[in-house]
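Some notes on the structure that comes next.
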Amino acid sequence: MDDSVPYEVLRVDRSPTRTGLARSTFYRGGLSMWAWVAQRVSGMVIYVFLLVHVADNLMLRVSPAAYDEVIGTYKTLVMGIGEIGLVAAILGHGFNGIRIVLLDFWAKGIDKSRWMLWTVIVLWVLVMVPFVIRHLSHYL
């Protein structure tokens, strides 16, 4: 250890927070951590959808009748709910991605992170509610 650096600089802050846990990183618990988790999960959901989408489009080359049958299953209520989940993942991933870019490149990003996260949540709800209503109207 370099003696010229004060001990306080090297020490991790282990003071209790509101939850009683030690706070040594930005993402330890709370809403920011769940936004981090949601970003990773939504990315994987979108990736899996893209794989399925490519696979069902490849069926057109194999058998147009099989392709029509698969597309027919997409017109069910269960798949409609799945499409709502997909749109929710895409919107959440996109809005949260913009927030992450602002956190990384805006000097005041960390100071405004909680406000930006709540803005992402409100925007997501404001876009999802009309979409869900309109989308489900095709099935009901």
Side-chain angles (χ1 to χ4, degrees):
M1 183 185 322
D2 185 7
D3 291 331
S4 64
V5 178
Y7 176 71
E8 291 77 32
V9 173
L10 299 175
R11 186 174 47 132
V12 174
D13 182 16
R14 298 276 184 210
S15 60
T17 62
R18 284 186 277 171
T19 59
L21 300 172
R23 184 166 179 89
S24 60
T25 65
F26 179 67
Y27 289 114
R28 181 163 299 211
L31 212 49
S32 294
M33 182 198 70
W34 290 112
W36 180 86
V37 170
Q39 187 72 4
R40 273 63 188 170
V41 170
S42 64
M44 291 305 299
V45 166
I46 295 165
Y47 177 73
V48 168
F49 163 76
L50 287 174
L51 290 176
V52 171
H53 181 64
V54 167
D56 68 14
N57 280 325
L58 287 174
M59 290 183 71
L60 185 59
R61 294 207 177 250
V62 175
S63 167
Y67 175 79
D68 289 339
E69 188 177 326
V70 169
I71 294 302
T73 63
Y74 289 158
K75 296 178 182 176
T76 64
L77 178 61
V78 172
M79 291 305 287
I81 293 170
E83 289 171 349
I84 290 171
L86 176 65
V87 171
I90 291 170
L91 284 175
H93 193 79
F95 288 153
N96 197 33
I98 293 168
R99 183 187 72 89
I100 291 169
V101 168
L102 290 173
L103 283 173
D104 289 343
F105 294 108
W106 185 28
K108 295 181 183 180
I110 297 296
D111 297 334
K112 306 282 186 185
S113 65
R114 190 168 187 82
W115 176 85
M116 287 190 296
L117 185 55
W118 280 108
T119 303
V120 164
I121 292 169
V122 168
L123 282 173
W124 183 83
V125 169
L126 287 175
V127 174
M128 279 303 297
V129 168
F131 170 76
V132 169
I133 292 169
R134 186 173 192 293
H135 190 66
L136 286 179
S137 71
H138 296 290
Y139 296 95
L140 302 176

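Because the structure is a prediction, the values reported are computed rather than measured.
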Check your understanding: Roughly how far, to the nearest 0.5 Å, is the CG atom of L50 from the CD1 atom of I46?
Key -> 7.5 Å

Exercise for review: Answer yes or no: are there more than 12 heavy-atom neighbours, outside M44 itself, under 6.0 Å from its atom CE?
Suggested key: no

Practice item. May I ask you to decide if the ring planes of F131 and H135 are parallel, tilted or perpendicular, using 30° and 60° as cut-offs? Key: parallel

Check your understanding: Is L51 reachable from V54 through a run of hydrophobic residues whose side-chain heavy atoms are each under 4.5 Å from the next?
Key -> no

Point to revise | Closest heavy-atom pair and its distance - S42, H93 | key: OG-ND1, 2.9 Å

Review point. Roughly how far apart are L103 CG and L117 CG, rounded to 0.5 Å?
Key: 9.0 Å

Review point. Should V127 and F95 count as side-chain neighbours, where that means a heavy-atom distance under 4.5 Å?
Key: yes

Check your understanding: So how far is it from Q39 CD to R99 CZ, rounded to the nearest 0.5 Å?
Key -> 8.0 Å

Practice item. Would you give the length of the straight line joining atom CG of L91 to atom CH2 of W124, rounded to the nearest 0.5 angstrom? Key: 8.5 Å

Exercise for review: Starting at CG of L60, measure out to CD1 of I71 and round the result to the nearest 0.5 Å.
Suggested key: 9.0 Å

Review point. Do I84 and L136 touch side chain to side chain, with heavy atoms closer than 4.5 Å?
Key: yes

Practice item. Please tell me if the side chains of N57 and Y67 come closer than 4.5 Å, counting only heavy atoms from C-beta onward. Key: yes

Exercise for review: Please name the residue in the list I110, I98, N96, L102 that meets the side chain to side chain contact (heavy atoms under 4.5 Å, CB included) test with M116.
Suggested key: L102

Point to revise | Residues, nucleotides or ligands: over 12 heavy atoms within 6.0 Å of R61 CZ | key: no

**Study point:** CZ on R114 to OG on S32, rounded to 0.5 Å
**Key:** 7.5 Å

**Study point:** Same cluster (ILVMFWY, side-chain, under 4.5 Å), Y139 and I81
**Key:** yes

Practice item. Mark yes when over 12 heavy atoms from residues, nucleotides or ligands other than W106 sit less than 6.0 Å from its CH2; otherwise mark no. Key: yes

